[in-house]
Amino acid sequence: MARLGVALSLVLVLLGVGLPRPAAAKTQVFLSQLPKALVIGVSPKRGEVLNAGENTVTVTWSLNTTEPAGADAAFKSVKVKLCYAPASRKDRGWRKAEDDLHKDKACQFKVTEQPYAAGAGRFDYVVARDIPTASYFVRAYAVDASGTEVAYGQSSPDAAFDVAGITGIHASLKVAAGVFSTFSIAALAFFFVVEKRKKDK
C-alpha cells in the first residue's frame, strides 16, 4: 500500500512538471495615474491627410524638462502607438478610450518600440496599409524592465491628423464600373425607344 502511495505521488509530480505554468498576471496600469513625463512631437500638421501605405509620420520623444533629475532611471524602452482622436471614437464602442490601459481601445496600433536613450528619440513611421480612415494622435509610453508602463506623453488630440485608408478598390475597377453603368443605362434607353416604336406601329 505504501508503495502504491509513493508511485501515485511520483506520477502526480511528473504530471505537474509537464503542465504549463499559468502566465503571470499583468500589472494593472491606469493612464490617469501615470506621470506625463514625455514630450511627443509629430510631423503632420493638424488636419493634414496622410495616405495609408504611402506617407510617413516622424515621431520624436524626449524627457519633459520639468521632470526632476533621475526621473527616467526606470525607463528601459519607449512604446509608441497610434490612437483614435475623440472625433473618430464618437459612437464607436470598439474604439472607446479607457483609463485602464489593458482595456483601452483608443490606442490599437503599434508604431514602434525602441530602447530608451537619455536625451531624445525619433522614429519614421510609414503609415501601415491596414490603418483605417480616421483622425489620429500619437501616444508614447515609457516602459520599465518588467514591461510595465511607468510614464507617458502624447501629441495633442485636438491637433489630430487624418489618415485616408485603403479601400481595396483599385482605380481601374472604378473606371470599369463607371463604363458598364453608363453602357447599361444607354442600352436600357435604346431598348425602351425600340419597344415604343414597335407599339406605335
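Values below: every heavy atom of this structure, side chains too, minus hydrogens, waters and symmetry copies.
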* Asked: Under the 3.5 angstrom rule, does the side chain of Gln108 hit a backbone N or O of Trp94 as a donor-acceptor pair?
  -> yes
* Given the rule that I, L, V, M, F, W and Y join up when any side-chain heavy atoms are under 4.5 Å apart, are Ile131 and Val111 in one cluster? -> yes
* To do: Please check if the distance between the ring centroids of Tyr84 and Phe109 is under 6.0 Å.
  => yes
* Asked: Hey, any chance Val80 and Tyr152 share a hydrophobic cluster, counting ILVMFWY side chains that come within less than 4.5 Å of each other, even indirectly?
  -> no
* Residues in side-chain contact (heavy atoms from CB on, under 4.5 Å) with Asp162, at least two apart? -> Val49, Ser135
* Asked: Under the 3.5 angstrom rule, does the side chain of Tyr125 hit a backbone N or O of Ala128 as a donor-acceptor pair?
  -> yes
* Structure fact -> Between the SG atom in Cys83 and the CZ atom in Arg89, the distance rounded to the nearest 0.5 Å is 8.0 Å
* Asked: Between Arg95 (side chain) and Ser88 (backbone), is there a donor-acceptor pair under 3.5 Å?
  -> yes
* Arg92, CZ atom: more than 12 neighbouring heavy atoms under 6.0 Å -> yes
* To do: Quick one: list whatever passes side-chain contact (heavy atoms from CB on, under 4.5 Å) with Asp158, sequence neighbours left out.
  => Ser156
* **For the student: nearest non-hydrogen atoms of Arg139 and Cys107, plus distance** => NH1-SG, 3.5 Å
* Sub-4.5 Å side-chain heavy-atom contact between Thr148 and Val143 -> no
* To do: Measure across Gly119 and Ser62 and return the closest heavy-atom pair with its distance rounded to 0.1 Å.
  => O-CB, 3.3 Å
* Asked: How about Tyr141 and Leu101: do any of their side-chain heavy atoms sit closer than 4.5 Å?
  -> yes
* Interatomic distance, Thr58 atom OG1 to Asp124 atom CG [nearest 0.5 angstrom] -> 4.0 Å
* Asked: Is the shortest heavy-atom distance from the side chain of Tyr136 to the side chain of Val127 under 4.5 Å?
  -> no
* Asked: Is it true that a side-chain atom of Asp104 and a backbone atom of Asp100 form a donor plus acceptor pair closer than 3.5 Å?
  -> no
* Asked: Is a side-chain donor or acceptor of Ser77 paired with a backbone partner of Pro115 at a separation under 3.5 angstrom?
  -> no
* Supply the atom-to-atom distance Arg122 CZ to Ser43 OG, rounded to the nearest 0.5 angstrom. => 8.5 Å
* Contact check, side chains of Trp61 and Phe123, non-hydrogen atoms, under 4.5 Å -> yes
* Is it true that a side-chain atom of Arg129 and a backbone atom of Gly53 form a donor plus acceptor pair closer than 3.5 Å? -> no
* Asked: So does Glu149 pair up with Lys79, basic N to acidic O under 4.0 Å?
  -> yes
* Asked: Are Val138 and Val78 joined in one hydrophobic group, where the rule is that I, L, V, M, F, W and Y side chains link up if heavy atoms are under 4.5 Å apart?
  -> yes
* When rounded to the nearest 0.5 angstrom, what distance separates CG in Asn55 from CZ in Phe161? -> 10.5 Å
* To do: Would you indicate whether the side-chain heavy atoms of Pro44 and Leu50 approach each other to under 4.5 Å?
  => yes
Could you list the donor-acceptor pairs under 3.5 angstrom formed between side-chain atoms of residues 30-40 and any protein atom two or more places apart in sequence or on another chain?
unit_1: Ser32; atom_1: OG; unit_2: Asp99; atom_2: OD1; d: 3.3
unit_1: Ser32; atom_1: OG; unit_2: Asp99; atom_2: OD2; d: 2.7

* **Flag, side chain of Thr133 to backbone of Gly165, donor-acceptor distance under 3.5 Å** => yes
* Hey, does the side chain of Asp144 reach the backbone of Gly147 with a donor-acceptor pair shorter than 3.5 angstrom? -> yes
